[in-house]
Amino acid sequence: MSRKAAKKPYPEVDPSPNWPALEQAVLDSWERDGTFQRSIDQRPAGEGGRNEYVFYDGPPFANGLPHHGHLVTGYIKDIIPRYQTLRGRRVERRFGWDCHGLPVEMLAEKELGVAGHKAITEYGVGRFNEYCMSSVFRFTGEWERYVKRSARWVDFENDYKTLELPYMESIIWAVKQLHEKGLLYEGYKVMPYSWAAETVLSNFETRMDDAYRDRQDPAITVRFELLPESGDELPTDLLAWTTTPWTLPSNLALAVGPDLDYSVLETDGPDGPRRVILGEETVAKYEKEFGDARRVGSVKGADLVGRRYRPLFPFFESLGGKAGRAFRVLAADFIETDEGTGVVHMAPGFGEDDMRVCQENDIPTVVPVDDSGRFTAEVPTWQGVQVFEANKPIIRDLRDRGLLVRHETYSHSYPHCWRTDQPLIYKAMNSWYVKVTDLRERAGELNQQINWVPSNVRDGRFGKWLEGAIDWSISRNRFWGTPIPVWKSDDPNYPRIDVYGSLDEIERDFGRRPNNLHRPDIDEFVRPNPDDPSGKSMMRRVPEVLDCWFESGAMPFAQVHYPFENKEWFENHFPADFIVEYVAQTRGWFYTMHVLATALFDRPAFSNAICHGVILAEGGRKLSKSLRNYTDPEDIFRAIGSDALRWFLVSSPIVRGGELTIAEDDSQVRDAVRVVINPIWNAWYFFSLYANSDGVEAKLRTDSKQLLDRYILAKTSALVTGIAESLDAYDLSGACQRFVDHLDALNNWYIRRSRDRFWRATLDGVADPDKQDAYDTLYTVLVTLCRVVSPLLPIITEQIHRGLTGEESVHLTDWPTLLDDAADPQLVAEMDRVRSVCSAALALRASENARVRQPLASLTVAGANGALLEPYADLIEDEVNVKQLKLTSDIDDYATFRLQVNSRALGPRLGKDMKKVLAASKQGDWRTLESGAVEVAGFELQEGEYELLLQPKDGVACEPLPSRDAIVVLDLALTDDLIAEGRARDVVRAVQQARKEADLHVSDRIHLALALPDDFRVAVLQFSEYVKEQTLATQLDLRPDASAELAAGLSVHEATLGGGAARVGVARVAA
RNA sequence: GGGCCUGUAGCUCAGUUGGUUAGAGCGUCCGCCUGAUAAGCGGGAGGUCGGAGGUUCAAAUCCUCCCAGGCCCA
């Protein structure tokens, strides 16, 4: 025996490693060796970038720490590029940072203690923006740490930042392009507005947790007097209800639901009889006011449309009359009757719906309220009064004029400014728009060229969103962002607008070149208006900055300073081959990128997009830092590991657009360790243990003739093809599923069934060919597995692959083609059948209380395709522990046939008669014809329209295969020999346990002493050679029952055999 | 209030163009092999597919309504 002296070709493997520590070591080695960069460098770009796989990285805001959601995206962003790299493509991965926008400004406001437009202006826009600039990168270090720890390969050094001058210059170029294409215009948009902080709020801010609070407001019902028309019998009023009386001075229209019914009531007023009109379903609510009124008729809303009415106030009278379109009844689709009167007052300056409906009817927008929420000179009566303060005098005024029908107090949930605690108002603000409505159709066409995962996003979420797209408001009344590059004359008498698309153009007109496009520097670029002969009016930049979504949407070209530089590069890298984000980005980054690509290049911006779902905490709630309902990813990295987290996330429904609920205790991540990581590691551990112990060095080889080897090679070949198929289709969880299935075949079939081939003695230091085949095959399979799974488990496969091959990195290898010729679907199918035979036999043993260690005389497989199992007889006998496998086609003793109708095939032919056929076949009322066909309920079924399945007879110990075409039967009769052999195996089992407890190596030879109950002693005597061989015993002592005198020097272990006490003594003997 | 999505085993989810006895993993129960792995293996139980109607020879699947939850827009 030369085992001890043999070289160890493979590293010593820890059977249960500390995963986080192992991961950190691998990550460190990548960092040290520049493995990521080399994985890119070794792939040529090809002519015109033809061999490149283009990936765009959507830029995150770095003003908070990454959570599970970012990690899902990050893992996918890593997996696809790693896979494409394996396939030989060059995949550059450039990180990007979203630097501008409200989140940054909000943080700055909070930390500087300056709230709102006014305070910031006083504080100084320059200082404010400097602060934003300095704070925006505060978390980049953390981000980089998380990203690197998650084993995501991405280039942080060559990153792009949306605040850099070249990036911003590309942005203003894009704005100018839109302008030249007639896609840019200035208009109004109703926004949530904080009059206290003098700032517009984003939707995001109004949705913050504590923004909505209960508030009491006046709710009043007001009369609007219709202008008389021919056919009117009496003066008539429409009743409208509002909770914002201060908007009534700005009323320009009324709206009704065209399909709603309205009641006409007649009352006796102080000036004689009048009529009022209100929604039929709302009449009951006005019992108090109109309880004694006479109902004189009913009209449809549509009948009221077009009627003119007398303005409540004189302030905007000029917009009505003959010239204007205001002060009419309009049709609207959103009118309800559960609150109010079914008639809605419209103030287009203060309501989004109002503005939309009024614009559709050519009614202009008026906004007689200034930045601090006070009425302007346009409403002289209340000029300077804050709008909420103005409610009372307005109501009093209406009451005095007899226009107030009802005044009540209304309690409702109302949004408040999160900074000042004051109620918000909705107010039309000046805004710049991209005319998406003009692009909509083309954007929809280009969307058809995009491969979305899941596929329903294309015509669903994204497609629908495109169809309903409205013009995109791209300006923000804020400070920290790329400026809108528009200069306007400050004198409306000499109007002029200039849009600048480059630093050169600005330099040309202003005589100097900006070195910073941010405010306030850029605002200092002022020049005389060339169109003003008086020379007094000046061209000044409009105050707004761009929506930061415009900047991220411009990322494909702005990241390379296109078109000022890298023109050719851009042409070769647009559209991207692949991007991924979560599903809400169909309204965010996916959308803005698509809109800009459509507008500027008439091409889609990306060819393949994964749109993953959202992560929820237990109970379906949102992940919330304050609720602490999830574990910080870094803690998971530290405690469990990144590959496990990666596996858990990307094998979940989330990568198919679904939701994923994560357990607070991270048990799902631990499950990934147990289900995937430990098994693949154990396979490697097994290999290294025996290969080292034998001194066998394995080679990549696929030509073993051994059946199990052929099987696992064929199975692995199918896995290689399957994973490529899944990943080519961007189906990550499908790829994961294939691997899990494969692991079961490898560990719990191939390795388990091949074990004795590995531990068979080496003859004179020369491995016998079968043993070498086993090593080579397992080695080949493991190396192949590591490669194809490396995108999904990048760290653990790296470690194993290094151990196996000594090569530096699995991520520098090529996609394996070695097993392409090893595919053998028939062999795989046969082996699957073998496994189902064994499984059925083991189930039968379990139900018959026949422990597997007890050998049985025979296993019979009765039914179809018996010959197919012939070559696998040894395997089945060994697995099921029977002396003989019997194959027969004679089933009569055990089972009968049952007719199984193939509804899918037969249904279309028989239609209604299916019922009869199904009933008859269920009752067994059918017969086989001479021709081989089957007759049932008077119908003749042809081949393919039915199947004959086996049904075990009652009282027979047998088990059908899942395919129901064969049945397994065990011979349960025991002979003395069989019983003795079973006992011998029990003893072997006890000895193996003792070996393990004594911490012996798997190849140690031992001195074995046994003190056994009599019947077991006899059994061991009978099978002593077998026992010695199985336990590697060179010497065997047998003593009476539980002898207390086992020799000194032995490690003694207690055991129970057949209900009696036994003692097992083992000691290593020198090799 | 409107639009979209979801509802299948105790939990997390699959379920192809409607077609046989609705599947998987985890958990649970019972058992067991083992000279890699008890952080293992095998087997069993567990579902009137959210509810009610409808279409059909046939519905988890198609249609309508309702209920519950989520997202988006008001």
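First the proteins, then the strands, lettered A, B, ... as listed; each starts at 1.
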Closest non-hydrogen atom pair between A:Ala998 and A:Val1066, with its separation:
CB-CG2, 3.9 Å
Students often mix this up, so state it plainly: with edges at 30° and 60°, are the rings of A:Tyr10 and A:Phe687 parallel, tilted or perpendicular?
perpendicular
In whole Å, what is the span from the CD atom of A:Gln737 to the P atom of B:C13?
15 Å
Pick the closest RNA chain B nucleotide for A:Arg851 and for A:Trp19 by heavy atoms, then say which residue is nearer the 5' end.
A:Arg851
Atom of A:Tyr591, atom of A:Thr586 and distance for their closest heavy-atom approach:
CB-O, 3.1 Å
Between B:G53 and B:A59, how far is it from one C1' atom to the other, in whole Å?
13 Å
Of all the heavy-atom pairs spanning A:Ala332 and A:Val357, show the shortest one and how long it is.
CB-CG2, 4.2 Å
May I ask you to say whether A:Glu360 pairs ionically with A:Arg356, meaning some side-chain N is under 4.0 Å from a carboxylate O?
yes
Gap in Å between the two C1' atoms, one belonging to B:C13 and one to B:A60, rounded:
14 Å
Per nearest nucleotide of RNA chain B, the residue lying toward the 5' end, A:Gln993 or A:Val740, is A:Val740
A:Arg845 near the nucleic acid: base, sugar-phosphate alone, or nothing, with a heavy-atom cut-off under 4.0 Å?
nothing
Using atom P of each nucleotide, how far apart are B:C11 and B:G47 to the nearest Å?
13 Å
So does A:Asp878 pair up with A:Arg753, basic N to acidic O under 4.0 Å?
yes
Taking Watson-Crick and G-U wobble pairs with both distances under 3.5 Å, convert RNA chain B into its dot-bracket string, 5' to 3', dots for unpaired and | for cross-strand pairs.
(((((((..((((.....[...)))).(((((.......))))).....(((((..]....)))))))))))).
For the C1' atoms, the ones on B:C67 and on B:G51, what distance do you get once it is rounded to whole angstrom?
7 Å
So, using ring pair (Phe, Tyr, Trp, His ring centres under 6.0 Å) as the criterion, who are the partners of A:Trp19 when residues are at least two apart?
A:Trp681
Within this structure, what is the OH-to-P distance between A:Tyr685 and B:G35, rounded to whole angstrom?
14 Å
Sugar-phosphate or base contact per nucleotide [nucleotides 40-45 of chain B; S, B, -; heavy atom under 4.0 Å]:
SSSS--
How would you label the contact of A:Glu352 with the nucleic acid (heavy atoms, under 4.0 Å): base, sugar-phosphate, or nothing?
sugar-phosphate
Sugar-phosphate only, base, or nothing, as touched by A:Leu1032 at under 4.0 Å among non-hydrogen atoms
base
What nucleic acid atoms does A:Arg587 come within less than 4.0 Å of, heavy atoms only: base, sugar-phosphate, or nothing?
sugar-phosphate
What I want to find out is whether A:Arg983 reaches A:Asp986 closely enough, with some N-O distance under 4.0 Å, to be called a salt bridge.
no
Minimum heavy-atom distance A:Pro348-A:Met355, with the two atoms named:
O-CB, 3.3 Å
Could you work out the separation of B:U61 and B:C71 based on their P atoms and round it to a whole Å?
26 Å
May I ask you to say what A:Asn747 touches in the nucleic acid, namely base, sugar-phosphate or nothing, with a heavy-atom cut-off under 4.0 Å?
base
In whole angstroms, the gap separating C1' of B:A74 from CG of A:Asp354 amounts to 12 Å
Options B:C33, B:A74, B:G35, nucleotide nearest the side-chain atoms of A:Gln992
B:G35
Is it the case that A:Asn678 and A:Asn682 place a side-chain donor and acceptor less than 3.5 Å from each other?
no
Check the distance between B:C33's P and A:Phe686's CZ and give it to me in whole angstrom.
20 Å
May I ask you to say what A:Leu1000 touches in the nucleic acid, namely base, sugar-phosphate or nothing, with a heavy-atom cut-off under 4.0 Å?
nothing
Nearest whole Å is fine: how far is B:A24 P from A:Phe648 CZ?
21 Å
Which whole-number value in Å describes the distance from A:Phe739 CZ to B:G25 P?
16 Å
Where A:Val991 and A:Thr1031 come nearest, the two heavy atoms and their spacing:
CG1-CG2, 3.5 Å
What is the separation between atom CD on A:Glu879 and atom C1' on B:C32, rounded to the nearest whole Å?
12 Å
Using the C1' atom as the point on both nucleotides, what is the distance between B:C49 and B:A68, in whole Å?
16 Å
What integer number of Å spans the C1' atoms of B:A38 and B:G42?
14 Å
P atoms of B:A45 and B:U55, separation to the nearest Å
36 Å
From NE2 of A:His612 over to P of B:C5, roughly how many Å is that when rounded to an integer?
20 Å
